[in-house]
**Student:** 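One structure, as structure tokens, below. Some questions next.
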Amino acid sequence: MHDLKEQVKALSEQYFEDTVAIRRHLHQYPELSGQEFNTAGFIAEMLNRYGIKTNMYLDNTAVVALIEGKKATGKVIALRADMDALPIEEKNNLDYQSSNKGVMHACGHDAHMASLITTARILQELTEKWTGTVKLIFQPSEEKFPGGAIQLIEAGALEDPKVDAVLGLHVSPEIETGKIGMKPGDYMASTDEIYITVIGKGGHAAIPEMFINPLLIASKLLLELNAVYSEKAPKDRPSVLTFGRILGEGKTNIVPDEVRMEGTLRTFDETWRKKAHQLIVNIAQRVTKEMGGNAQVRIDKGYPVLTNNDALTCNAMAVARDFCGAENVLRLDYRMTAEDFAYYSRRVPSVFYRLGTGIDGYDINLHSSEFRINEQSLRMSPALMSYLAIKLMRDL
């Protein structure tokens, strides 16, 4: 296995410039969620070039492919990369800057795809060295509800052959290039969108006896939600209810009829999550009624908690330490952001890990119009995922 490790590293290094070129092409031609037609076509073309047959899913926005080792053991591991870009106008000055106005790979999905394409190339070249089956999943629409993961699962992407485990990665600019991070158990939060319409009675601002001010009701409601949620939320794990938008379309002398509030709920406890939904509804109805108004509450339920399988993740960390060096494998904490990879983790044992892409002296984070990665991270990334897939399949 030592020889295999060195072969994997050598191939990843040999293909490094190709990986960078693929990533830059994908960065230059980003596509929004559900519109990844050209992206999917490009990926299929690259995989076919390496002798890997592909199948298209979800109206040709998703690519699924199989690579079989020298011996069919019945064990199948899936490797997933997300494909969609964000509705952000890029402000970088790059030779390969986005050519699609208002669309940008500001979350690193271009790097995820490029890394997995080269991972596939390595595995395909070394099929005589490993056993089992690798399923490649290039998934659209991670950034937009309901998410491409659940759509692919419902379309049968984890079946025929049935997948035993799934691996996925995400770039992390806050982690030094050359390092990775993992966390067994609950890792990323569930996410829900909260929409509350506070209904009062509009009128002339100078005649208070003739109106019920929804702005005052909304102000009290916001404070009450914050206080009660903080008191009731679990103390052993983080949980967040935050409102980031309040719209009351009045004027200096006009009180509006209604105010709209928009926020997000993040938790690591699915039981508490359900209770929190009802708590929000109850508080909104109580506070608005007490002040003479009423409330309409809509909760758009998003991605569930992303839970890394304990045993599989601990095994993956041991493999990564052997491959990268123990000093380059970090144990991560809870992360309040969300990922639709969580749907895979609800179906089969899964590991979702972080790839360090930090640039010294550059602290721009994900979803920024100036987001960039250190492309040197792509030297190691395909090799690590290839080696993880080969080693973990042996223990499934």
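For the numbers below, each heavy atom of this structure counts, side chains included, while hydrogens, waters and symmetry mates do not.
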**Student:** Quick check, are the ring centers of Phe371 and His367 under 6.0 angstrom apart?
**Tutor:** no
**Student:** Within a strict 4.5 Å, meaning less than it, do heavy atoms of the Val259 and Ile217 side chains meet?
**Tutor:** no
**Student:** Just checking Arg347: does its CZ atom have more than 12 heavy atoms from other residues, nucleotides or ligands closer to it than 6.0 angstrom?
**Tutor:** no
**Student:** Walk me through whether Arg49 and Glu45 qualify under salt bridge (Lys or Arg N to Asp or Glu O under 4.0 Å).
**Tutor:** CA-CA 6 Å; Arg49 187 180 300 177; Glu45 180 184 346; 3.3 Å; yes
**Student:** For Arg260, look at atom CZ and say whether over 12 heavy atoms of other residues, nucleotides or ligands are found less than 6.0 Å away.
**Tutor:** no
**Student:** Taking the side chain from Trp130 and the backbone from Leu126, do they hold a donor-acceptor pair closer than 3.5 Å?
**Tutor:** yes
**Student:** Assess whether salt bridge (Lys or Arg N to Asp or Glu O under 4.0 Å) is satisfied between Glu13 and Lys9, documenting all intermediate values.
**Tutor:** CA-CA 6 Å; Glu13 179 65 30; Lys9 287 183 176 181; over 6 Å; no
**Student:** Check whether Ser12 reaches the backbone of Arg379 with its side chain - one donor and one acceptor, N or O, closer than 3.5 Å.
**Tutor:** yes
**Student:** Give a yes or no on whether Leu136 and Met46 share a hydrophobic cluster (residues Ile, Leu, Val, Met, Phe, Trp, Tyr; joining criterion: side-chain heavy atoms under 4.5 Å apart).
**Tutor:** yes
**Student:** Looking at side-chain heavy atoms only, is the closest gap between Val163 and Tyr344 below 4.5 Å?
**Tutor:** no
**Student:** Judged by atom type as modelled, is there a donor-acceptor pair below 3.5 Å linking the side chain of Glu270 to the main-chain atoms of Pro304?
**Tutor:** no
**Student:** Is any side-chain heavy atom of Thr133 closer than 4.5 Å to a side-chain heavy atom of Glu68?
**Tutor:** yes
**Student:** Evaluate the side-chain proximity of Ile196 to Leu225: yes if any heavy-atom separation is below 4.5 Å, no if none is.
**Tutor:** yes
**Student:** Under the criterion side chain to side chain contact (heavy atoms under 4.5 Å, CB included), I'd like the reasoning laid out for Phe211 against His204: C-alpha separation, chi angles, the key distance, then a yes or no.
**Tutor:** CA-CA 7 Å; Phe211 61 75; His204 196 295; over 6 Å; no
**Student:** Specify whether Phe145 and Tyr303 have parallel, tilted or perpendicular ring planes, treating 30° as the upper limit for parallel and 60° as the lower limit for perpendicular.
**Tutor:** perpendicular
**Student:** Please determine whether a side-chain nitrogen of the Lys or Arg among Asp300 and Arg298 lies less than 4.0 Å from a carboxylate oxygen of the Asp or Glu.
**Tutor:** yes
**Student:** Any side-chain to backbone donor/acceptor pair from Asp192 onto Gly302? Under 3.5 Å, distance only.
**Tutor:** yes
**Student:** Applying the side-chain contact (heavy atoms from CB on, under 4.5 Å) criterion to Glu90, which one of Asn93, Ile88, Leu86, Leu94 satisfies it?
**Tutor:** Leu94
**Student:** Taking CD in Glu17 as the centre, count heavy atoms belonging to other residues, nucleotides or ligands within less than 6.0 Å. Is the count above 12?
**Tutor:** no
**Student:** Considering non-hydrogen atoms only, spot the tightest contact between Gln151 and Pro146 and give its length.
**Tutor:** NE2-CG, 4.1 Å
**Student:** Okay, side chain of Lys75, backbone of Asp164: is any donor-acceptor separation there less than 3.5 Å?
**Tutor:** no
**Student:** Which of these, Asn308, Thr267, Thr307, sits in a side chain to side chain donor-acceptor pair (under 3.5 Å) with Asp186?
**Tutor:** Thr307
**Student:** Side chain to side chain contact (heavy atoms under 4.5 Å, CB included) between Lys70 and Thr131: does it pass, once the steps are laid out?
**Tutor:** CA-CA 5 Å; Lys70 66 178 180 179; Thr131 60; 4.1 Å; yes
**Student:** Which pair of non-hydrogen atoms, one from Ile67 and one from Gln124, has the smallest distance, and what is that distance?
**Tutor:** CG2-OE1, 3.3 Å
**Student:** Does any pair with a residue in residues 110-124 pass salt bridge (charged side-chain N to carboxylate O under 4.0 Å, His left out), and if so which ones, sequence neighbours excluded?
**Tutor:** Asp18-Arg121, Arg23-Asp110
**Student:** Evaluate whether atom CG of Asn55 has more than 12 neighbouring non-hydrogen atoms of other residues, nucleotides or ligands under 6.0 angstrom away.
**Tutor:** yes
**Student:** When you measure from the side chain of Asn100 to the backbone of Val103, do you find a donor-acceptor pair of N or O atoms at a distance under 3.5 Å?
**Tutor:** no
**Student:** For the backbone of Asn38 and the side chain of Glu31, can you confirm whether one donor and one acceptor N or O come within less than 3.5 Å of each other?
**Tutor:** yes
**Student:** So, Ser115 side chain and Ala111 main chain: donor-acceptor pair closer than 3.5 Å or not?
**Tutor:** no
**Student:** Just do the salt bridge (Lys or Arg N to Asp or Glu O under 4.0 Å) check on Glu174 and Arg354 with the steps written out, would you?
**Tutor:** CA-CA 10 Å; Glu174 69 272 22; Arg354 293 275 157 176; 5.3 Å; no
**Student:** Side chains of Val171 and Leu366: closer than 4.5 Å at any heavy-atom pair?
**Tutor:** yes
**Student:** Mark yes or no for whether Asp257, through its side chain, and Gly202, through its backbone, hold a donor-acceptor pair below 3.5 Å.
**Tutor:** yes
**Student:** Evaluate whether atom CG of Asp360 has more than 12 neighbouring non-hydrogen atoms of other residues, nucleotides or ligands under 6.0 angstrom away.
**Tutor:** no
**Student:** Is Lys391 salt-bridged to Asp322, going by a charged N under 4.0 Å from an acidic O?
**Tutor:** no
**Student:** Quick check: does any side chain N or O of Gln97 sit under 3.5 Å from a backbone N or O of Asn92, one acting as donor and the other as acceptor?
**Tutor:** yes
**Student:** Is it the case that over 12 heavy atoms from other parts of the model lie below 6.0 angstrom from the CG atom of Asn48?
**Tutor:** yes
**Student:** For a quick test of reading the model, state the closest non-hydrogen atom pair linking Cys324 to Asn328 and the distance between them.
**Tutor:** O-ND2, 2.8 Å
**Student:** Taking it one step at a time, do Arg80 and Asp82 satisfy salt bridge (Lys or Arg N to Asp or Glu O under 4.0 Å)?
**Tutor:** CA-CA 7 Å; Arg80 175 268 203 173; Asp82 38 12; 3.6 Å; yes
**Student:** Using the rule given for side chain to side chain contact (heavy atoms under 4.5 Å, CB included), can you reason through Phe323 versus Lys5, listing the C-alpha separation, both sets of side-chain angles and the distance that settles it, and then say yes or no?
**Tutor:** CA-CA 7 Å; Phe323 192 83; Lys5 184 200 310 183; 3.5 Å; yes
**Student:** Looking only at non-hydrogen atoms, find the nearest pair between Pro87 and Leu32 and report the distance.
**Tutor:** N-CD2, 3.6 Å
**Student:** Let me see the working for Tyr29 and Ser99 under side chain to side chain contact (heavy atoms under 4.5 Å, CB included), right down to the final yes or no.
**Tutor:** CA-CA 6 Å; Tyr29 301 103; Ser99 63; 3.3 Å; yes
**Student:** Is it the case that the side chains of Gln376 and Thr177 hold a donor-acceptor pair, with the cut-off being a distance below 3.5 Å and no angle test?
**Tutor:** no
**Student:** Report yes if the side chains of Gln278 and Ile299 come closer than 4.5 Å at any heavy-atom pair, otherwise no.
**Tutor:** no
**Student:** Using 30° and 60° as the class limits, which term best fits the ring planes of His170 and Phe352: parallel, tilted or perpendicular?
**Tutor:** perpendicular
**Student:** Nearest heavy-atom pair of Ala316 and Leu388: which atoms, and what distance?
**Tutor:** O-CD2, 3.6 Å
**Student:** Tell me whether Lys144 is salt-bridged to Asp84, with the criterion being a basic N under 4.0 Å from an acidic carboxylate O.
**Tutor:** no
**Student:** The criterion is side-chain hydrogen bond (donor to acceptor under 3.5 Å, both in side chains); which residues satisfy it with Thr191, sequence neighbours excluded?
**Tutor:** Arg266
**Student:** To the nearest 0.5 Å, tell me how far His277 NE2 sits from Leu279 CG.
**Tutor:** 11.0 Å
**Student:** Which heavy atom of Gly248 sits nearest a heavy atom of Pro256, and at what distance?
**Tutor:** C-CG, 4.3 Å
**Student:** Is the shortest side-chain heavy-atom distance between Phe341 and Glu142 below 4.5 Å?
**Tutor:** no
**Student:** Hydrophobic cluster membership, with links at side-chain heavy-atom distances under 4.5 Å among I/L/V/M/F/W/Y: are Val134 and Ile137 in one?
**Tutor:** no
**Student:** Heavy atoms, side chains only, cut-off 4.5 Å: are Ser381 and Leu169 in contact?
**Tutor:** yes
